[in-house]
Amino acid sequence: MGNIQSSIEANELYLRTRLNHSSDIVFRSFRSKDGTLLLLVFLDGMTRQQPIEDTLLRSLIFEGLPQGLDRITSLSEMIVREWLPLTQVLTVESVDELVHNILLGCAAILVDGEAIALVAQVQGYEKRAIQEPLKESTLRGSKEGFVEHLRTNTTLIRRRIVHEGLKMESFTIGTYTKTEVVLLYIKGKAAESLLTEVRERFRKIEADGIIDSAYLEEWLEDNSFSLFPQIQNTERPDIVVASLLDGKVALLTNGTPFALIMPITFWSGLQSADDYFERFIFVILNRLVRYILMFVSFALPALYVALSTFHPEMIPSNLMIGIATARESSPFPTVIEVFLMMFIFDGLQEAGVHLPNQLGPVVSIIGALVIGQAAVEAGIISTPIIIVISLTGIAAYTIPRYSATLAFRLIRYLMLFISGWLGFVGFAFGIIFMLIQLVKLESFGTPFFSPVAPFDGKRIRDIFIRYPFWIKNGRVKKETER
């Protein structure tokens, strides 16, 4: 059946057959006051029934067609007029479109003798309230974060950009999930070539379902085998708004609180929302500390192994004697010791993420025993290595984006193994290989390591130094009248 039939019995039989075994699909037949048969179909649990019953059913059953100066000639016309104050009403002729709207939570009503269906968008289900993002909290700034409800998320953006240039394009992706995805951009700021590229990649997605924005990320990014994410995810509406104003595009996916932003660069993962909420002169110091600690987070264990194992002459004598004395009782080579401590540290971190809150203190106690005095006294791990791994862990936590932290975690292991094999030569090979990968990567046509490579002197100033907004935008600050 391609189109809706005029016979309501045929329509009901077809819908019951097609939606068979779905106990949450409700079919409710009733007659209007003039005796016309009607069929109401909706998905129990996803539809607000109260407005339908109060506004529509009561008037149809007890009042019939209103007869006035503006005469209504059909039940469909009357239903549209009754529902218009209630919500948006669509007229549907295709059965596929009717089934799709019912599964989205709309209420459909069919009238005997009329080959159309009326669909009211009265979706209603429990949803989470707007809360502060747990993983992207800021000291200053908005405390609002995205939720799983798509329309709530688009409203959070629309409320911040009060301009007709903000555009939202909807796509439905996933053979079974029919997930709604909204592409956001500001017309005139986002490049047309970027929009064309994003739409083209959407058309190439052949997935059974999109459960989360992470599914889209893997379909859309340029190189899925790279360690570095080429699409930024965020729970913060203010970050999405700032990105849209910079000419980027964003994606909101129904059912997930994470928005995707593209294109991005390597430096996007190292910048925090607080960089733009605090006084710029303090942000310069924060960024300097963060960039140095970023290097420490993946290089310190490898440097320690290379220096203490292959080039001890580069370490001051007193310090080297102290390291050698501390390692006297250790049964393992330095590289194995460092690997064991890194592995245990990452294991504790994973356990802390996935354990319920009630068990969190237990992991902390066990971690303090394992990475602590007990391991040293047992002669398993030497004290300098505990210091190295602790500093590495602290440095990793200064990286604002969790996805960037994961990339540096894996690089840390690779750098350790190659430095444990070749010393400083291996360390240099590792750094060169990582730089080559960064320079080769692209994010939707934008060089991933820009503006450093290719070098852009104008844009690079916002990477290392956060200028005041009026300088960054090229505006002249007006003197305040006194």
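Contacts of Phe277 classified as ring-ring contact (aromatic ring centres under 6.0 Å, His included), with partners at least two apart in sequence or in another chain: none. Shown here are the side chain to side chain donor-acceptor pair (under 3.5 Å) partners of Arg409, two or more places apart in sequence or in another chain: there are none. Applying the salt bridge (charged side-chain N to carboxylate O under 4.0 Å, His left out) test to Asp112 and every residue at least two apart in sequence or in another chain returns nothing. Applying the ring-ring contact (aromatic ring centres under 6.0 Å, His included) criterion to Phe449, with sequence neighbours excluded, gives Phe266, Trp267. Residues satisfying the side chain to side chain donor-acceptor pair (under 3.5 Å) criterion with Asp456, sequence neighbours excluded, are absent altogether. Every residue was checked against the side chain to side chain donor-acceptor pair (under 3.5 Å) condition with Ser29, not counting sequence neighbours, and none meets it. With sequence neighbours left out, the side chain to side chain contact (heavy atoms under 4.5 Å, CB included) criterion links Arg279 to Phe282. Here Phe298 pairs with Phe295, Phe408 under the ring-ring contact (aromatic ring centres under 6.0 Å, His included) rule; sequence neighbours left out.
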Show every donor-acceptor pair shorter than 3.5 Å between a side-chain atom in residues 391-401 and any protein atom, with sequence neighbours excluded, or say none if there are none.
unit_1	atom_1	unit_2	atom_2	d
Thr392	OG1	Val388	O	2.8
Tyr397	OH	Gln349	OE1	2.7
Thr398	OG1	Ala395	O	2.5
Arg401	NH1	Glu136	OE2	3.1
Arg401	NH2	Gln271	O	3.3

Practice problem: Decide yes or no on side chain to side chain contact (heavy atoms under 4.5 Å, CB included) for Leu216 and Thr253, but give the supporting numbers first. | Solution: CA-CA 9 Å; Leu216 280 178; Thr253 308; 3.4 Å; yes
Practice problem: Begin from the C-alpha positions of Leu220 and Leu251 and carry the test side chain to side chain contact (heavy atoms under 4.5 Å, CB included) through to its verdict. | Solution: CA-CA 11 Å; Leu220 294 175; Leu251 294 177; 3.4 Å; yes
Quiz item: Do Leu414 and Leu227 pass the side chain to side chain contact (heavy atoms under 4.5 Å, CB included) test, and can you show the C-alpha distance, the side-chain angles, and the key distance before you say yes or no?
Solution: CA-CA 12 Å; Leu414 298 176; Leu227 299 182; 4.2 Å; yes
Practice problem: Using the side chain to side chain contact (heavy atoms under 4.5 Å, CB included) rule, take Leu156 and Ile130 through it: C-alpha gap first, then chi angles, then the decisive distance, then the call. | Solution: CA-CA 10 Å; Leu156 290 173; Ile130 296 174; 3.8 Å; yes
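A side-chain donor from one of Tyr14 and Arg18 sits under 3.5 Å from a side-chain acceptor of the other. With 3.5 Å as the limit, one finds no donor-acceptor pair spanning the side chains of Thr179 and Asn254. Under 3.5 Å, the side chains of Glu9 and Ser7 contain a donor-acceptor pair of N or O atoms.
Side-chain contact between Gln437 and Ser226: absent, with no pair of heavy atoms (C-beta onward) separated by less than 4.5 Å.
In terms of heavy atoms, Pro133 sits closest to Arg236 at CG-CG, 3.9 Å. In terms of heavy-atom proximity, Ile4 sits nearest to Val95 at N-CG2, 3.8 Å. Across all their heavy atoms, Leu103 and Met46 have their closest contact at O-CE, 4.1 Å.
Heavy-atom contacts from other residues, nucleotides or ligands closer than 6.0 Å to CD of Glu218 number 12 or fewer. The number of heavy atoms from other shown groups lying within 6.0 Å of CD (Glu93) does not exceed 12. For Lys143, the NZ atom counts as densely surrounded, since its 6.0 Å shell holds more than 12 non-hydrogen atoms of other residues, nucleotides or ligands. Within 6.0 Å of atom CZ in Phe433, 12 or fewer heavy atoms from other residues, nucleotides or ligands are found, so the atom counts as exposed in its surroundings.
Salt-bridge annotation for Lys440 and Asp222: absent, with no side-chain N of the basic residue lying under 4.0 Å from a carboxylate O of the acidic one. A salt bridge does not link Asp246 with Lys248: every distance from a Lys NZ or Arg NE/NH1/NH2 to an Asp or Glu carboxylate oxygen is 4.0 Å or more. Under the 4.0 Å criterion applied to side-chain N and carboxylate O atoms, Glu148 and Arg128 are assigned as salt-bridge partners.
Annotation: ring-ring contact (aromatic ring centres under 6.0 Å, His included) contacts involving residues 177-219, sequence neighbours excluded, comprise Phe171-Phe202. Counting only residues at least two apart or on different chains, the side chain to side chain donor-acceptor pair (under 3.5 Å) pairs with a member in residues 151-168 are Ser142-Arg160, Glu144-Arg159, Glu144-Arg160, His149-Thr152, Arg151-Thr154. Contacts classified as ring-ring contact (aromatic ring centres under 6.0 Å, His included) and involving residues 34-54 (residues at least two apart or in different chains) are not found.
Note: Tyr413 and Phe343 fail the aromatic proximity criterion, with ring centroids not under 6.0 Å apart.
When atom types are taken as modelled, the side chain of Gln230 and the backbone of Asn223 share a donor-acceptor pair closer than 3.5 angstrom. Between the side chain of Ser443 and the backbone N or O of Ile264, at least one donor-acceptor pair lies under 3.5 Å. For the pair Thr177 (side chain) and Ile210 (backbone), a donor-acceptor distance under 3.5 Å is present.
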